[in-house]
Chemist: 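Below: one structure in structure tokens.
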Amino acid sequence: MSSYLALLGAIIFEVMGTLLLPATKEFTSPIPTIAMSASYIASFYFLTLALKTIPLAIVYACWSGVGIMAIAILSYFIYGQSLSWQSILGIFFIINGVILVNIYSTNP
């Protein structure tokens with residue numbers, strides 16, 4: 001499996017787990033809690049696969065940056081949460097940072 005494909009899987013599962021957090025109702029709802037836990041476990045598993053060839057700093061920057069952007073967008077559509085222009089600008093800077101880290105990283 002390609003390391004970047006594994007990283008994409010890690011991002012997808014992390015976003016899914018984070019979006020399930022409100023559904024757990026503070027861990028009192030068993031099915032969403034189990035699904036959330038399984039999503040986070042799968043995310044960390046795929047992160048370990050990505051780390052086989054991609055440096056940790058790159059993996060973590062992509063995982064967190066793309067995850068933040070995806071959660072912000074999906075929470076708008078799923079939970080009706082909106083962001084201020086300052087928050088949107090901050091997310092824009094995060095994404096630009098992830099892009100810069102990937103462009104100027106040296107992959108061993």
Side-chain angles (χ1 to χ4, degrees):
M1 173 184 280
S2 164
S3 293
Y4 281 97
L5 200 55
L7 179 56
L8 178 63
I11 292 167
I12 289 169
F13 280 110
E14 186 265 337
V15 168
M16 188 167 51
T18 302
L19 290 173
L20 282 168
L21 277 170
T24 67
K25 296 182 177 124
E26 298 174 2
F27 303 112
T28 59
S29 185
I31 301 296
T33 299
I34 292 168
M36 180 215 57
S37 300
S39 295
Y40 281 131
I41 290 169
S43 177
F44 281 104
Y45 171 73
F46 282 109
L47 274 178
T48 62
L49 295 178
L51 286 170
K52 287 182 179 180
T53 59
I54 307 171
L56 177 61
I58 305 305
V59 167
Y60 193 72
C62 292
W63 183 65
S64 58
V66 175
I68 288 169
M69 182 191 70
I71 290 165
I73 292 168
L74 291 172
S75 66
Y76 173 80
F77 291 107
I78 295 171
Y79 297 113
Q81 298 174 347
S82 60
L83 296 172
S84 65
W85 69 267
Q86 296 94 337
S87 298
I88 293 169
L89 182 63
I91 291 170
F92 172 77
F93 286 136
I94 291 169
I95 295 306
N96 281 325
V98 169
I99 292 168
L100 286 173
V101 165
N102 277 284
I103 289 173
Y104 295 107
S105 71
T106 55
N107 227 355

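In this chain, residues are counted from 1 in sequence order.
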Chemist: Main chain of Leu19, side chain of Tyr79: is a donor-acceptor contact present, judged purely on distance under 3.5 Å?
Modeler: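 Pair found, side chain donor or acceptor close to backbone of Leu19.
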Chemist: Of all the heavy-atom pairs spanning Cys62 and Ile11, show the shortest one and how long it is.
Modeler: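 Heavy atoms only, the tightest pair is O-CD1, 3.8 Å.
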Chemist: Same cluster or not: are Ile88 and Met69 linked, directly or through other Ile, Leu, Val, Met, Phe, Trp or Tyr residues, by side-chain heavy atoms under 4.5 angstrom apart?
Modeler: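 Ile88 and Met69: one cluster.
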Chemist: About how many Å separate CG of Leu51 and CG of Leu7, when rounded to the nearest 0.5 Å?
Modeler: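 Leu7 atom CG to Leu51 atom CG measures 9.0 Å (nearest 0.5 Å).
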Chemist: Should Val98 and Ile73 be regarded as members of a common hydrophobic cluster, given that ILVMFWY residues are connected when their side-chain heavy atoms come within less than 4.5 Å of each other, either directly or indirectly?
Modeler: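 Hydrophobic grouping puts Val98 apart from Ile73.
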Chemist: Can you get from Phe92 to Trp85 by hopping between Ile, Leu, Val, Met, Phe, Trp and Tyr side chains that sit under 4.5 Å apart?
Modeler: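 Looking at the clustering, Trp85 is in the same group as Phe92.
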Chemist: CG of Leu20 to CD1 of Ile31: how many Å apart, nearest 0.5 Å?
Modeler: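 Result: 11.5 Å between the selected atoms.
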Chemist: Linking I/L/V/M/F/W/Y whenever any side-chain heavy atoms sit under 4.5 Å apart, do Val66 and Leu56 land together?
Modeler: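 Shared cluster, yes.
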Chemist: Between the side chain of Ser37 and the main-chain N/O of Thr33, is any donor-acceptor distance below 3.5 Å?
Modeler: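 Side chain of Ser37 to backbone of Thr33: a pair is present.
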Chemist: Is a side-chain donor-acceptor pair under 3.5 Å present for Gln86 with Ser84?
Modeler: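 Yes, side-chain donor-acceptor contact under 3.5 Å.
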Chemist: Could you report the tightest heavy-atom contact between Met16 and Ser39, atom names first, then the distance?
Modeler: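 In terms of heavy atoms, the two residues are closest at CE-OG, 3.4 Å.
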Chemist: Are Leu83 and Ile91 side-chain neighbours, meaning at least one heavy-atom pair lies under 4.5 Å?
Modeler: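 With C-beta onward as the side chain, the pair touches.
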Chemist: Examine Ile68 and Tyr76 and state if one hydrophobic cluster contains both, with Ile, Leu, Val, Met, Phe, Trp and Tyr joined whenever side-chain heavy atoms are less than 4.5 Å apart.
Modeler: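 Yes, one cluster joins them.
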Chemist: For a side chain to side chain contact (heavy atoms under 4.5 Å, CB included) with Val59, tell me which candidate from Thr48, Leu47, Thr53, Leu49 qualifies.
Modeler: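 For Val59, the side chain to side chain contact (heavy atoms under 4.5 Å, CB included) check succeeds only for Leu47.
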Chemist: Looking at Tyr40 and Glu14, what are the two nearest heavy atoms and their distance?
Modeler: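 For Tyr40 and Glu14, the tightest heavy-atom pair comes out as CE2-O, 3.9 Å.
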Chemist: Quick check on the 6.0 Å ring-centre criterion: do Trp63 and Phe44 meet it?
Modeler: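 Yes, the ring of Trp63 comes within the 6.0 Å limit of the ring of Phe44, centre to centre.
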Chemist: What's the shortest heavy-atom distance between Ala10 and Ser43, and which atoms?
Modeler: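 Looks like O-OG, 2.8 Å.
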Chemist: Hey, does the side chain of Ser29 reach the backbone of Thr24 with a donor-acceptor pair shorter than 3.5 angstrom?
Modeler: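 No, the answer is negative, given that no donor and acceptor are paired below the 3.5 Å cut-off.
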Chemist: To the nearest 0.5 angstrom, please state how far the OG atom of Ser3 sits from the CG atom of Leu8.
Modeler: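 Separation between the atoms: 12.5 Å.
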Chemist: With a 4.5 Å limit on heavy-atom distance, are the side chains of Ile99 and Asn96 in contact?
Modeler: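 Yes, close enough: below the 4.5 Å cut-off.
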